[in-house]
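The residues of the chain are indexed from 1 along the displayed sequence. Order of listing sets the numbers, starting from 1, for every ligand and every atom in it.
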Amino acid sequence: VSNHIKFPQVVEPLSTLLADTYLLATKTHGYHWNVTGRHFVELHGLFGEQYEALFAAADELAERIRALGAPAPAGLAAFTARSKVQVLDEGLAGEDVMLANLRAGHQAAADSCYKVIAAASEAGDAASGDLATERAAAHEKAIWMLDALLA
Ligand SMILES: [Fe+2]
């Protein structure tokens, strides 16, 4: 058994992306529970799809970190220490505040994706680069949808 960590310079930004993704998943899950108003059905449904996709992505990112031989950060304390995604906002916010907060979270996660892509390209870690590229597209799609709802 080797303790060697492959591409440590990629593990670092990947860990931040994992933290962003997980915190955004928990925030989206809380909004799925607490959203109210005329758009309840649409927003409850959209947030439901988004949190499921985000939790699945967090799992994939954590397992990529493990495949590189590094420990995956876990737990809300570790994630909040690493991420720019604000976790402690009001679960009972109005829908526009929810949409804007989620948009900011997806933007932070997209920014982290591009840091992984740059580090992975530098290191020759194509698999992590592919994963981050796929995640960047997903976050940008979410931003488009949230913007369309805010418009
Ligand atoms: Fe549900």
Donor-acceptor pair, side chain of Ser83 and main chain of Thr80, under 3.5 angstrom: no
Any pair counted as salt bridge (Lys or Arg N to Asp or Glu O under 4.0 Å), so long as it reaches residues 108-117, sequence neighbours left out: none
Whether His32 and His44 hold their rings parallel, tilted or perpendicular, with breakpoints at 30° and 60°: parallel
Counting only pairs under 3.5 Å, give me each side-chain donor-acceptor contact of residues 59-70, with atom names and distances, residues two or more places apart or in other chains.
{"from": "Arg64", "atom 1": "NE", "to": "Ser128", "atom 2": "OG", "distance (Å)": "2.9"}
{"from": "Arg64", "atom 1": "NH2", "to": "Asp125", "atom 2": "OD1", "distance (Å)": "2.8"}
{"from": "Arg66", "atom 1": "NH1", "to": "Ala70", "atom 2": "O", "distance (Å)": "2.7"}

Of all pairs that satisfy salt bridge (Lys or Arg N to Asp or Glu O under 4.0 Å), the ones with a partner from residues 140-151, not counting sequence neighbours: Arg103-Asp147
Count of N, O or S atoms belonging to protein, less than 2.8 Å from the Fe ion (ligand 1): 1
For the student: nearest non-hydrogen atoms of Ala58 and Thr21, plus distance: N-CG2, 3.7 Å
